[in-house]
Protein chains: 4
Amino acid sequence: MSRSTENQTPGFTTREVTTEPMSAESDWREYGPLEFPRILDAALQAFYEHGYHGTTTRDLARRSGLSVPGVYHYYPSKQDILFDLMTVIIDELLVRSRQALATASADPRSQFDALVESLLRFHMYRRTGAMVSTAELRSLEPDNRARYVAKRDEQQRMLDGVILDGVRDGVFATAYPKDASRAIASLCVGVASWYRPDGTLPVDALLDRYLTIARSIVGISGETASGRSR
Amino acid sequence: MSRSTENQTPGFTTREVTTEPMSAESDWREYGPLEFPRILDAALQAFYEHGYHGTTTRDLARRSGLSVPGVYHYYPSKQDILFDLMTVIIDELLVRSRQALATASADPRSQFDALVESLLRFHMYRRTGAMVSTAELRSLEPDNRARYVAKRDEQQRMLDGVILDGVRDGVFATAYPKDASRAIASLCVGVASWYRPDGTLPVDALLDRYLTIARSIVGISGETASGRSR
Amino acid sequence: MSRSTENQTPGFTTREVTTEPMSAESDWREYGPLEFPRILDAALQAFYEHGYHGTTTRDLARRSGLSVPGVYHYYPSKQDILFDLMTVIIDELLVRSRQALATASADPRSQFDALVESLLRFHMYRRTGAMVSTAELRSLEPDNRARYVAKRDEQQRMLDGVILDGVRDGVFATAYPKDASRAIASLCVGVASWYRPDGTLPVDALLDRYLTIARSIVGISGETASGRSR
Amino acid sequence: MSRSTENQTPGFTTREVTTEPMSAESDWREYGPLEFPRILDAALQAFYEHGYHGTTTRDLARRSGLSVPGVYHYYPSKQDILFDLMTVIIDELLVRSRQALATASADPRSQFDALVESLLRFHMYRRTGAMVSTAELRSLEPDNRARYVAKRDEQQRMLDGVILDGVRDGVFATAYPKDASRAIASLCVGVASWYRPDGTLPVDALLDRYLTIARSIVGISGETASGRSR
DNA sequence: TATGAATGAGTATTCATTCAT
DNA sequence: CATGAATGAATACTCATTCAT
C-alpha cells in the first residue's frame, strides 16, 4: 500500500498517478478504488454527468473544493484538465495491458486471453473513466487528440498483434482479423455501459462468458472461421 | 417505395418521418438512406461531431442552410431539436422492432433471432443516430429524458420479454436473464461504434457472427449456460 | 351618433378618430366609451401594461386579432403605432380644451374653470390613454416627440394663457404663474393615477374639490367657493 | 455627517445605503446628493431616460464604467438591479416617513403635517428615483412586485392612519378619507414631475402651498369638508 | 492557494420587420 | 388581410480566463 499520490494535486499531464503504481508481478488484475487528485476526480464526475462542454470551470472548482483561480493554479485550462484526465486513464490501461502480456505465457492463446481479460477488468472497474474517455475524444483539441489517439492505437495494436500472431500460428482462424479485433474491443468497451461489479452477476462469470465470446470471434482452435458458419 | 418527406421541415416530435414509412411485411430489414428534414439532419451531424453542448445554434443554422431565427421558426429551442431528433430515431427503432417480432414465428427462438437481428441492423444502418442518442441522453431535460427513457425501456423490455419467454419454455438456459439481456443490447449498440456496412466485413457475416454470440449469451439449446462452459 | 370611424382600421396619424367627433356645443363634458380602431386599442392596453419597449409586435397582433403582417398593413412600424396612439389621445384633449374655452364666458375666471374642469374630466375618463402618453413620451423618436411635444405645449400654453390673463386682470394673484400652471397640470394628471369614475367619490365631488384647489393655487381674488360656483 | 458609501458596489437588496444614514433626530428634512453605488446610479439614469425595457445591460455596463460581465458580478440579473434600486429608494422614503412621524407631536394635525411635508420633500429631492419607481412598478416580476407593493402600502397606510386618526378626533372632516389619502399622495407624487428645487419657486413656498392644499383636502378644522362646500 | 473584481468573446433566444403566396 | 418562411440586429446572460491582493 504505497502512500504515493494521496490527495495532493498534480502538476499535470504525463505521469501514471492513478492509484498505487502497479509494481509487483501480476497485480494488473487488482483494482483499488480510484484515487485521483481532487481536480481530476471532480472532472471525471462532472464530465461523466454533463460532458466536457456541459461542464463549467466553476463547476469543477466547486466539486474539487477549490476556488476558480485555485483550479487554474494547477491547470492552465479546462482543456488541459480533460487531456490530463484522459491521459491518466489510458495510461493505466496501457500499463495494465503491458503487464498482462508480460506476465502471461508467450503463446498467442495465452497472450490473447490475458489481454482481453485485462481489457474487460479495466472496463468493469474503471467504468466511468472509460466512458468519459470514449465520449470526450471529440472534445480534445487536435494536438491532444493526436497524442491520445496514439495511445489508444497502441492499445489497439496490442490486440491486433496477438490476433495476427494467432492467425499466423494457425491457432486463430478469423478471415477478418482487423474486424475481429475491433469487435472484441467494442465488446469490452460495452461492458462499461452496463456491468456493475457489485451486481448479481459475479465478475468471474462475466469474464468467463465474454472471454468465450472473444475467443469465438477470432475463431479459436478447431472452431469455425467468422463467416457463415458451416 | 414512396419517398415523400423530402426536405420539408417538420412540425416536431410525434411522427415517424424517418425514411420510407415501413408498411409492407418484412421491410424492417430494409434501410434506405436517412432523409431527415434539414434541421434534424444538421443536428444529427453536429451533435455527432461536437455533442449537444458543443454545438451552437449558429452551427445548426449554418448546417441547415437557415438563419438562426430560421431555425427558431421550426423549433422553440435547441433542447427541442435534440428531443425531436432522439424521438424520431428511437421511434424508428421501435417500429422496426415491433415489425420484426410481428413478422417472425411465435416461438421464442425465432422471436429472439428477429429482434436481435433488427437491433443489429439498426445499429449498423443508423450508426450516427444511435450513437448520438446514447451519448446525449444526459443532455435531455428531465421531462424529455423521462419520455425518451420510457421508449428505450420499452425496447429493452421487448428483449427481456423474449429472453424470459425462452427461459420459461426451456429453450434458453441463462441463469441471469436480465444481465444477458443487457449484455446483448450492449453488444448490438457497440456495433454502431465500429462497424461500417460498406467495409470489408459483409453485413451478413456480421449478423451471423453476432447472432451466434447473442444466442450463446442466453445459452440456447444444448449449449451450456453462462458459467464456465463444458 | 356619427357613423364615422367605427372599427375600421386607420391609415395612420393625423385625424381625430376617437369616438364621436364632438360637434355640438358643449359636449366637451361628455365622454363615451373609447372606441379606437382595434390596433390602437390593443396598443393602448399593451403599452399600459408593459410599456412600449415591453410590448412586442406579436403581442399587438394577437391583441388586435390580426396577424403580424396584418398589423404592418396598417402601420409601417411599431413606432408609428405609438405615435398615432398618442396623437389621437392628445388631439382629443386639445379639441375638448378648445371647446371648453370656446363655450365658456370670456372672463379669465370662467375660462380657467372651464379649462381645468376639462383637464380633470379628461384625466378621469381617459385615464389609461393619459398615463400611457405621459409614460411613453420618452419612447417617441425625436421627430415624433417634437410633434407631440408641440401639441402638449399648446395645451400647456392654453393654461398658461388663462392664468396670465387672470394675473394681468388682477383676478389671480400668484407670484409664480408658470409654476402655478405646471402645478395645476400636474394635479390634473395625477388624478388619472388613482381616481376611478365608478368609485365611491362622485365625479362632481372630485371636480369640485380639485377646482377649489386649482383656484387656490392661482390665488384667486377673495377666493370664490369651490363647486360649480354660482 | 458621515459620507461613507462612496462608490463601492453593493451586495444587493437589503440595506439602506442610499446617502447618509439618517441617525439624528429630525434630519428627515435634510437631503444630501444621492450617492448610489455606480450600478444603481447608472440604472437610475438609464431607467429614467429609457425605461426598464428600453435599457440594455450594455447600457448599464457602459454607464457604470464596467463591462457587461462586470455588472453581472454584482447582480444576477437586470431584474435584480431594478428591484434593488426600487428597494433602496422606497426604503429611504419609509425611513424618512417614520422619522417624520416619530419626531412630530402626537396630535393628528402635527403628524399629518410632518408626514405630508416628508412626502413632498422626498418627491422634490428624489425626483428621478420616485418617478422611476412609479413608472417601473409594472416591470417588477410578481414576487418582487409583491415585496415592493408591501412597502408602498405601508407608506400609504401611514397616511391613511393619520387621516383616520384626525377624522376620529374630529380635527379632520373629510367624508372620503381613503380618497383623500390617495389624492394627497398623488399630489405629492406629482411634484416630482415638474418641480425643481433649484428653480424660481422656493422650496418653502411650495411646501407651504401644498401643505395648505393637503390640509384642505382632509378638511381640516373649521374648514369645510370635501363635498359641495357651502 | 483563497477572494474579489473584471472581461472578450460567445450563447441561446427574441425582436421588428419583410416577402411571397 | 391571413399564412408561413425568413432574417439582421439585437438582447439578457454566461463562459473560460486573468489579475491584484
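Numbers restart at 1 for each chain; the letters A, B, ... are given by sequence-line order, proteins then strands.
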A.B. asks: Heavy atoms from C-beta onward define the side chain here; which of dA6(E), dT17(F), dA16(E) lies closest to that of Ser77(A)?
C.D. replies: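 The closest nucleotide is dT17(F).
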
A.B. asks: Need to verify one output field. Residue with the more 5' nearest nucleotide on DNA chain E, Thr55(C) or Val71(D)?
C.D. replies: Val71(D)

A.B. asks: Please pick, from dG4(E), dA12(F), dA9(F), the nucleotide with the shortest atom-to-atom distance to any side-chain atom of Pro69(A).
C.D. replies: dG4(E)

A.B. asks: If you take all heavy atoms of Tyr72(C) and Ser77(C), which pair is closest and at what distance?
C.D. replies: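 Residues Tyr72(C) and Ser77(C), closest heavy atoms: CE2-CA, 4.1 Å.
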
A.B. asks: Taking NE2 from His53(B) and C1' from dA16(F), how many angstroms apart are they, rounded to a whole number?
C.D. replies: 16 Å

A.B. asks: Give Gly65(C) one of three labels, base, sugar-phosphate or nothing, depending on what nucleic acid heavy atoms sit under 4.0 Å from its own.
C.D. replies: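 Touches sugar-phosphate only.
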
A.B. asks: Send over the distance from Lys78(B) NZ to dC13(F) P, rounded to a whole Å.
C.D. replies: 19 Å

A.B. asks: In whole Å, what is the span from the CD atom of Glu141(D) to the P atom of dA12(F)?
C.D. replies: 13 Å

A.B. asks: Counting only Watson-Crick or G-U wobble pairs whose two distances fall under 3.5 Å, which nucleotide matches dG8(E)?
C.D. replies: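 Pair assignment: dG8(E) / dC15(F).
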
A.B. asks: Given atom CD1 of Ile81(A) and atom P of dC15(F), what is their separation to the nearest angstrom?
C.D. replies: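 Answer to the nearest Å: 15 Å.
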
A.B. asks: To the side chain of Ser67(D), which of dT18(E), dA16(F), dA6(E) is closest?
C.D. replies: dA6(E)

A.B. asks: Tell me the partner of dA20(F), counting only Watson-Crick (N1-N3 plus N6-O4 or O6-N4) or G-U wobble (N1-O2 and O6-N3) with both under 3.5 Å; none if nothing fits.
C.D. replies: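 dA20(F) is paired with dT3(E).
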
A.B. asks: Is the backbone of Ala46(A) close enough, under 3.5 Å, to the side chain of Thr55(A) for a donor and an acceptor to pair up by distance?
C.D. replies: yes

A.B. asks: Just N and O in the side chain of His73(D): are any of them under 4.0 Å from OP1 or OP2 of dA6(E)?
C.D. replies: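 So the side chain of His73(D) is outside the cut-off, no N or O lying under 4.0 Å from OP1 or OP2 of dA6(E).
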
A.B. asks: Tell me what Gly70(B) touches on the nucleic acid: a base, only sugar-phosphate, or nothing, going by heavy atoms under 4.0 Å.
C.D. replies: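 Here Gly70(B) touches the bases of the nucleic acid.
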
A.B. asks: Answer yes or no: is there a donor N or O on one side and an acceptor on the other, between the side chain of Ser64(D) and the main chain of Ala42(D), under 3.5 Å?
C.D. replies: no

A.B. asks: Return no unless some side-chain N or O of Tyr75(A) is found under 4.0 Å from OP1 or OP2 of dT17(F).
C.D. replies: no

A.B. asks: Does any N or O in the side chain of Lys78(D) come within less than 3.5 Å of the main-chain N or O of Leu60(D), such that one atom is a donor and the other an acceptor?
C.D. replies: no

A.B. asks: Without decimals, in angstroms, what is the distance between Leu82(A) CG and dT17(F) P?
C.D. replies: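 Roughly 12 Å, once rounded to whole Å.
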
A.B. asks: Rounded to the nearest Å, what distance is computed from the CG atom of residue Asp59(D) to the P atom of nucleotide dA9(F)?
C.D. replies: 20 Å

A.B. asks: Check the phosphate of dA6(F) against Tyr72(B), side-chain N and O only, distance under 4.0 Å to OP1 or OP2. Yes or no?
C.D. replies: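 The answer is no; no side-chain N or O of Tyr72(B) sits under 4.0 Å from OP1 or OP2.
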
A.B. asks: To the nearest Å, give me how far apart CG (Asp80(A)) and P (dT18(F)) are.
C.D. replies: 11 Å

A.B. asks: Determine whether a donor-acceptor pair (N or O, by modelled atom type, separation under 3.5 Å) exists between the side chain of Arg138(B) and the backbone of Tyr48(A).
C.D. replies: yes

A.B. asks: For Thr56(B), answer base if it contacts any base atom (sugar-phosphate contacts may also be present), sugar-phosphate if it contacts only those atoms, and nothing otherwise; contact means non-hydrogen atoms under 4.0 Å.
C.D. replies: sugar-phosphate

A.B. asks: Tell me whether the OP1 or OP2 atom of dT7(E) has a side-chain N or O from Arg58(D) closer than 4.0 Å.
C.D. replies: no

A.B. asks: Closer than 3.5 angstrom, by distance alone: can the side chain of Gln79(D) be matched with the main-chain N or O of Ser139(D) as a donor-acceptor pair?
C.D. replies: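 Indeed, once roles are kept as given, a pair shorter than 3.5 Å links the two residues.
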
A.B. asks: Would you kindly give the OH-to-C1' distance between Tyr74(D) and dA6(E), to the nearest whole Å?
C.D. replies: 8 Å

